[in-house]
Amino acid sequence: MPSIDLTGKAAVVTGSGRGLGLAYAHALAAHGASVVVNDIDEAVAEAAVKSITEAGGTAVAEVVPVGTTEAAERLVNRAVEEFGRLDILVTNAGILRDKVLWKMTDEDFDAVITTHLKGTFTCARAAAVRMREQGEGGTLILVGSPAGQRGNFGQTNYAAAKAGIAAFARTWSMELGRANITVNAIVPVAATAMTETIPAFAPYIEAMKNGEPLPDFLRKGEGFGTPEDCAALVPFLASEAARGVTGQAIGVGGDKVALWSHPHEIAAVYADGGWTPDTLADVWPTSVGAELQSVGIPAPKFPEA
Ligand SMILES: NC(=O)c1ccc[n+]([C@@H]2O[C@H](COP(=O)([O-])OP(=O)(O)OC[C@H]3O[C@@H](n4cnc5c(N)ncnc54)[C@H](O)[C@@H]3O)[C@@H](O)[C@H]2O)c1
């Protein structure tokens, strides 16, 4: 077994005061990386630094809302000031403002796009500038979502941001390949403040909080578990063992790690000289129209009672 050693490397993890980000920060620190913990909530950021330090790791807190160039530069500068460098960025900070399209306000839309999409863009850009200057490669780990891969009822803003983030990973993996900077989107699923309100999972999360293990149909079937279950992927992607892994969308949760396919053409039909609406209508049902794709995140498959 190769042993993952990130000693001497410095990381920024946005939104790492709680939930998945906190688990990523702990996992990076446990494998030797020094971590800038970021959150908008000062109390949880400070508590995260304390718990990482008490576990023998190295961490500092930078409390700032990601979403602006200024915040991104503060985070990169903090890593450089404290640790002399930046090797790993995890753009994890996120919020939800769920509503169906016809009820979604501009504020709901802008808040989610700013935090997720612009937060990821600005932080990754600042990190890429620094990593290219260092000339020693680096790791950008972006955070997608099943909602961004598949669409999700009530999540116009979030699904668009997360789909955009998966597109960032594909695009930046090409742009940053020569600098030996890998860029992947991880697609986590875990019990956190963000998901514990999902009604179907609520009783299981409640039982888990009372010390009961999650059943196999959730851990394996749904790929759903704790934030810590998702965290192993982050030090792995930051390590030498994953240098060849870039431009991917990688699912993680519970007992499962999965690779998502990228969008690609699955059917095509041709008309010499081009199409008219009538010729399209004619061949549609027996050609590409026979391959229409499903949308949405499949409903959980609960075991039969
Ligand atoms: N929980 C899941 O199953 C799941 C599934 C798919 C994707 N994700 C994604 O994973 C990430 C973490 O989710 P989570 O479930 O741990 O959420 P969470 O709500 O438990 O934690 C998110 C953290 O980000 C912080 N934050 C919010 N806005 C911020 C900002 N502008 N700047 C800095 N910090 C900010 C919050 O204060 C909070 O501590 C998000 O990007 C989320 O979309 C989560």
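In each ligand, atom 1 is the first atom listed, and ligand 1 is the first ligand listed.
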With heavy atoms under 4.0 Å as the rule, classify the contact between [X] and ligand 1 as side chain, backbone, both or neither.
| X | answer |
| --- | --- |
| A71 | neither |
| T192 | side chain |
| D39 | both |
| T115 | side chain |
| V66 | both |

Taking a cutoff of less than 4.0 Å between a non-hydrogen atom of the residue and any ligand atom, is [X] in contact with ligand 1?
| X | result |
| --- | --- |
| G144 | yes |
| A190 | yes |
| N38 | yes |
| G67 | no |
| Y158 | yes |

Going by heavy-atom distance to atom 28 (N) of ligand 1, choose the closest among L96, V90, I95, V189.
->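 Among L96, V90, I95, V189, the closest heavy atom to atom 28 (N) of ligand 1 comes from I95.
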If you measure from atom 27 (C) of ligand 1 to every heavy atom of S16, G94, G223, which option wins on shortest distance?
-> G94
Tell me: protein heavy atom nearest [atom], and distance?
| atom | value |
| --- | --- |
| atom 24 (O) of ligand 1 | G15 CA, 3.5 Å |
| atom 41 (O) of ligand 1 | N92 O, 2.8 Å |
| atom 2 (C) of ligand 1 | T195 CG2, 3.4 Å |
| atom 26 (N) of ligand 1 | I40 CG1, 3.9 Å |

Partners passing side-chain hydrogen bond (donor to acceptor under 3.5 Å, both in side chains) against D108 (at least two apart in sequence or in another chain) | K99, T105
Those atoms of ligand 1 less than 4.0 Å from some heavy atom in V64 |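 Checking each atom against V64, I get 32 (N), 33 (C).
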So, E62 and N38: side-chain donor and acceptor under 3.5 Å apart, yes or no?
-> no
Should V44 be counted as touching ligand 1, given the test is an N or O pair under 3.5 Å?
->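 No, since none of the N or O atoms of V44 sits under 3.5 Å from an N or O of ligand 1.
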On the 0 to 90° scale, with breaks at 30° and 60°, tag the F224-F201 ring pair as parallel, tilted or perpendicular.
->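 The rings of F224 and F201 sit tilted, inter-plane angle from 30° to 60°.
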